[in-house]
Structures are given as C-alpha cells and as structure tokens.
Q: 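I'd like to ask you about the structure that follows.
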Amino acid sequence: MKRARIAGVGHYVPERVVTNFDLEKLMDTSDEWIRERTGIVERRWVEEGETVSGLGQKAATMALERAGIDVSDIECIVFATMASDHEFPGAGCFLQEKLEIPGIPALDVRNQCSGFLYGLSVADMFIRTETYRNVLLVGAEIQSTGLDLTTRGRDMAVLFGDGAGAVVLVASDEPERGVLTTHLHADGKYTKKLWGQYPSVTHHPRVAPEMLEGDGIYPKMEGRYVFKHAVTRFPEVIHEALKATGYSIDDVDLVVPHQANQRITEAVAQRLGIGMDKMFSNIHKYGNTTAATIPICLSEARAEGRIKDGDLVALAAFGSGFTWASALVRW
Ligand code: ACO
C-alpha cells in the first residue's frame, strides 16, 4: 500500500508584527495578562490587500522548493482554512489560479483549528488509494480582520494571528515512513461554545446593518469551557494514534500540538508524562493561527533541526466545532 510522505514543508507569516504592547493601546489589556494567561508575546497581522490564498501561495512555494518538486507535478490541492479571500469560492481555487495549475481539483476543508489535520487525513487517503501521487496541503488563515479590537472583544482579540503553512505529500512505497495514522473527531453539541454567528444564511438577509450594531459579527468563545475540553482531548487523541500504531509515547521524538494557549500545551505535556523539550511551541511569536498553526510549527521545527529524518512526530489539534484530531508521522 502507498504511504503519504511529507516531501517538503514551508510557511509564511505577514511582516507586520503586533506586540502585546500594541494591543494595550487598543483595549484594556496588558502584556503581563496576555503572557501569563496565554504565553503569547506577539503575533503577525496582515496589511490591507493581503489574502488567504496569497499567504498560502508563499508557504506552498517554500514547501515545493524544499520538496524539490515542480508545481506542475501537483495533482490536487487541499486547502484548510476558516475563511477564503471572498465569501465564495473557496481559497483553494484562488490559490490554484496563483500557482497556475488549472484543471486539478481544489478542495477546501473547514474545520477551524483542526482543519490542517482533517486536510491531512483527506490528502493521506487520496494517496493511499492511489487517486493522486502528489498533493499540496495548505493551512492558511487571516483572523485579524475579523476581531473585535475593543475591550469588549479582548478575550478573543489577543489570541489570534495570521499566517500560512504548507506541505507537499508524495506517494511512497516505504511502509514505515510518512503519515502512519490519522484520527478525526467532532461533537456538534458544542458549536456555540466557540463560534462566529454572523453573517448567517439563516438571517434574512444574511448581511444586515443591525448586525454591525451588536457584537454578533465577532468570534465568541467560552474560554474556560474550551480550555477544559482541550486539555482532555489532546492527550486522548494522541493516545488513540499511539494505540492504532503500537507505539508508546516514549517512541515519539516530538509532539506538535495546535498552539491555542501555552498553558494548554504545558497541561498536555504533563498529562502525557513528557517533558516540555518534547513539545514544540512557537505561540509566543504567532499566537493562534488556526489551520495554519501546525504546518507553521512543522516548517520551523524542520528548519531548526527539531525534526530529523526518521523521527516519529505526533500532531494533535482541538478547536471550534468542537473538533479534535491527531496524526502520527514518521519523517
Ligand atoms: N486582557 C485582560 N483581561 C482579560 C482579557 C484580556 N485580553 N481577556 C479576559 N480578561 C479578563 C476577564 O474579563 C476576566 O475578568 P473577571 O475575572 O473580572 O471576570 C479575567 O480576565 C479572567 O478571564 P478568564 O476567561 O477566566 O481567563 P482564562 O484564564 O480562562 O484565560 C483564555 C482566557 C486565554 C481565553 C483561556 O480560557 C483559553 O485559552 N481558552 C482556550 C482557547 C482555545 O483552546 N481555543 C481553541 C482553539 S480556537 C479555534 O478553534 C478557532
């Protein structure tokens, strides 16, 4: 059976750095509160005119270069994002035009912070079933333009950043290398614990001036509630991947968790019984970039030598939906 091997990984973050001190000027918050509660020091936010597909293109170009694969050899695009450049079509089509590879499928995956792992499982299945040999998987997000940058929205506004990551997956005959297993979950009874209410097709019309008067156009979260679920689901879904493959946590060289909060990452390490040296973290630089987070982490971990050829890497995510997921990858 074919395996999906990660041949190259790349990332791109916007140049504009927004520090906690910058946010102090916009809302009643403090660098101290944000650092202590989340571990975030700064994040990147786009400038006017930057697009989700544009961030994705830059990450994809780096991933293709590192993979040594020509863009014309890509047979399918899977694009994980909560957003697109416009209401529709999905960001995958906008990216495809930029990459100039017409005709191949461009599939958008909308699973918020778990989006990259949902996309990885789809790309993996396309390769395992020998539908496609080379799949470009992108996770890209622009969160900053949708945040409430006043004290009313401070619980959410300080958390999120913009960015993109991408991996090139290629069909391989090596049985113990590549994506070994993926595990996906969702529980829709928690949809409104972390969501964006408006615009909404159930509202007539879906975009109306009164929406701007309230705060319904901004993302909402019951932070503590989400936190409690996250610290349980991360270890649970990592153990599920280990059980499926017969590995133990001691076999894992690096855990790359979705970066939602440094305190969540620390709690997960504790529950897994591993040291923080085995947990990858870059939340201090970028905040939570939703579907872009894991591929940005992979790109940096690879460049820093934290992921070497042959390493066993556990990936896990939790987010809105609620959705949660894991994967085990042998590099
Ligand atoms: N600056 C200063 N004070 C703040 C801020 C802020 N930015 N935000 C909230 N506060 C205040 C609150 O109003 C509250 O004040 P009060 O005690 O007077 O009522 C106090 O700080 C404590 O608020 P909590 O919400 O209890 O703070 P907590 O320690 O839980 O931290 C946080 C909040 C960071 C949001 C945390 O709950 C968290 O990380 N939750 C999980 C996030 C997550 O995993 N999201 C999933 C992925 S996102 C996705 O899928 C799109």
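Order of appearance sets the numbers: ligands from 1, and atoms from 1 within every ligand.
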Q: Is the closest side-chain donor-acceptor distance between Glu300 and Tyr286 under 3.5 Å?
A: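 Result is yes, a qualifying pair exists.
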
Q: Just to be sure I read this right, does ligand 1 sit under 4.0 Å from the backbone of Val158, its side chain, both, or neither, counting only heavy atoms?
A: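 Just the side chain.
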
Q: Taking distance alone, with no angle check, do Gly223 and ligand 1 share an N/O pair under 3.5 Å?
A: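 N/O-N/O distance under 3.5 Å: yes.
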
Q: Measure the shortest side-chain to side-chain distance between Met125 and Val122 over non-hydrogen atoms and say whether it is less than 4.5 angstrom.
A: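 No - every pair of side-chain heavy atoms lies 4.5 Å or more apart.
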
Q: If we ignore angles and hydrogens, is there a donor and acceptor under 3.5 Å between the side chains of Tyr247 and Arg330?
A: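 Yes, a side-chain donor-acceptor pair sits under 3.5 Å.
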
Q: If only side-chain N and O atoms count, and only distance matters, is there a donor-acceptor pair under 3.5 Å linking Thr289 with Arg44?
A: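 Not at all, the side chains of Arg44 and Thr289 share no donor-acceptor pair under 3.5 Å.
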
Q: Compute whether any side-chain donor of one residue and acceptor of the other, for Asn288 and Gln259, lie under 3.5 angstrom apart.
A: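 No.
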
Q: With a cut-off of 4.0 Å, which atoms of ligand 1 are near a heavy atom of Gly319?
A: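 Here the atoms of ligand 1 in question are 50 (O).
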
Q: Is it the case that the side chains of Asp22 and Thr19 hold a donor-acceptor pair, with the cut-off being a distance below 3.5 Å and no angle test?
A: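 Thr19 vs Asp22: donor-acceptor pair found between side chains.
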
Q: Heavy-atom contacts with Thr38 under 4.0 Å: which atoms of ligand 1 show up? List them by number with element.
A: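 Listed by number with element, the hits are 34 (C).
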
Q: Report, in ascending order of atom number, the atoms of ligand 1 lying under 4.0 Å from any heavy atom of Cys113.
A: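 It comes down to these atoms of ligand 1: 47 (C), 48 (S), 49 (C), 50 (O), 51 (C).
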
Q: When you compare ligand 1 with His258, is there at least one nitrogen or oxygen pair between them that comes in under 3.5 angstrom?
A: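 No; the residue has no nitrogen or oxygen that sits under 3.5 Å from a nitrogen or oxygen of the ligand.
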
Q: Can you tell me which portion of Met221 lies within the under-4.0 Å heavy-atom range of ligand 1? Options are side chain, backbone, both, or neither.
A: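 The answer is the side chain.
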
Q: Does a sphere of radius 6.0 Å around CD in Glu15 hold more than 12 heavy atoms from other residues, nucleotides or ligands, not counting ones at 6.0 Å or beyond?
A: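 No, CD of Glu15 has 12 or fewer neighbouring heavy atoms, counting only those of other groups under 6.0 Å.
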
Q: Counting only nitrogen or oxygen atoms and a 3.5 angstrom limit, does Arg224 reach ligand 1?
A: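 Arg224 vs ligand 1: N/O contact under 3.5 Å present.
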
Q: Angle between ring planes, Phe234 versus Phe318, binned at 30° and 60°: parallel, tilted or perpendicular?
A: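 Rings of Phe234 and Phe318: tilted, 30 to 60°.
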
Q: Check this for me: does any side-chain nitrogen of one of Arg302 and Asp309 sit under 4.0 Å from a carboxylate oxygen of the other?
A: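 Looking at Asp309 together with Arg302, the answer is yes, because their closest N to O distance falls below 4.0 Å.
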
Q: Applying side chain to side chain donor-acceptor pair (under 3.5 Å), run through Gln112 and Thr290 and close with a yes or a no.
A: CA-CA 6 Å; Gln112 303 72 246; Thr290 33; over 6 Å; no

Q: Does atom 16 (P) of ligand 1 have a protein heavy-atom neighbour under 4.0 Å away?
A: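 Given the 4.0 Å cut-off, atom 16 (P) of ligand 1 does not count as touching protein heavy atoms.
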
Q: Using a 4.0 Å heavy-atom cut-off, which part of Met156 comes near ligand 1: side chain, backbone, both, or neither?
A: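 Contact part for Met156 vs ligand 1: neither.
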
Q: Is there a polar contact, in the sense of an N or O pair closer than 3.5 Å, between Asn288 and ligand 1?
A: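 N/O-N/O distance below 3.5 Å does not exist for this pair.
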
Q: Quick one: which ligand 1 atoms are inside 4.0 Å of a heavy atom on Ser320?
A: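 Contacts of ligand 1 toward Ser320, numbered from 1: 49 (C), 50 (O).
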
Q: Is a donor from one side chain sitting under 3.5 angstrom from an acceptor on the other, for Glu24 and Ser30?
A: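 Side chains of Glu24 and Ser30: no pair found under 3.5 Å.
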
Q: Relative to atom 28 (P) of ligand 1, which among Arg37, Gln262, Gln143 owns the nearest non-hydrogen atom?
A: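 Considering heavy atoms of Arg37, Gln262, Gln143, the nearest to atom 28 (P) of ligand 1 sits in Arg37.
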
Q: Is there a side chain to side chain donor-acceptor pair (under 3.5 Å) between Glu240 and Ser326 once you walk through the steps?
A: CA-CA 8 Å; Glu240 188 182 349; Ser326 67; 5.5 Å; no

Q: As a test of the contact definition, would atom 25 (O) of ligand 1 count as having a protein heavy-atom neighbour under 4.0 Å?
A: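 Within 4.0 Å of atom 25 (O) of ligand 1, no protein heavy atoms are found.
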
Q: Please report which non-hydrogen protein atom sits nearest to atom 6 (C) of ligand 1, along with the residue it belongs to and the distance in Å to one decimal place.
A: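 Nearest neighbour among protein heavy atoms for atom 6 (C) of ligand 1, to 0.1 Å: Thr29 OG1, 3.4 Å.
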
Q: Measure from atom 38 (C) of ligand 1 to every heavy atom in Asn261, Val226, Asp28 and give the option owning the shortest one.
A: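 Looking at heavy atoms only, Asn261 sits closest to atom 38 (C) of ligand 1.
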
Q: Mark whether atom 10 (N) of ligand 1 lies under 4.0 angstrom from at least one protein heavy atom.
A: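 Given the 4.0 Å cut-off, atom 10 (N) of ligand 1 counts as touching protein heavy atoms.
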
Q: Backbone or side chain, does any N or O of Arg154 fall under 3.5 Å from an N or O of ligand 1?
A: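 Yes: some nitrogen or oxygen of Arg154 is under 3.5 Å from one in ligand 1.
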
Q: Can Glu42 and Lys285 be counted as an ion pair, charged N to O under 4.0 angstrom?
A: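 Salt bridge absent between Glu42 and Lys285.
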
Q: Select one of side chain, backbone, both or neither to describe which atoms of Thr290 lie under 4.0 Å from any atom of ligand 1, heavy atoms only.
A: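 Looking at Thr290 and ligand 1, just side chain atoms fall under 4.0 Å.
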
Q: Does the protein put a heavy atom less than 4.0 Å from atom 21 (O) of ligand 1?
A: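 Flag for atom 21 (O) of ligand 1 set to true, protein heavy atom closer than 4.0 Å.
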
Q: Under 4.0 Å from a heavy atom of Leu194: which atoms of ligand 1 are those, numbered in the order shown and with their elements?
A: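 Ligand 1 atoms under the 4.0 Å threshold to Leu194: 46 (C), 48 (S), 49 (C), 50 (O).
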
Q: Would you please say whether a donor-acceptor pair under 3.5 Å links the side chains of Ser144 and Asp162?
A: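 Distance-only check passes for Ser144 and Asp162.
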
Q: Show which atoms of ligand 1 fall inside a sub-4.0 Å distance from at least one heavy-atom site of Phe227.
A: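 Result: 38 (C), 39 (O), 40 (N), 41 (C).
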
Q: Considering only heavy atoms of Ala260, which atoms of ligand 1 have at least one such atom less than 4.0 Å away?
A: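 Per the distance check, 43 (C), 44 (O).
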
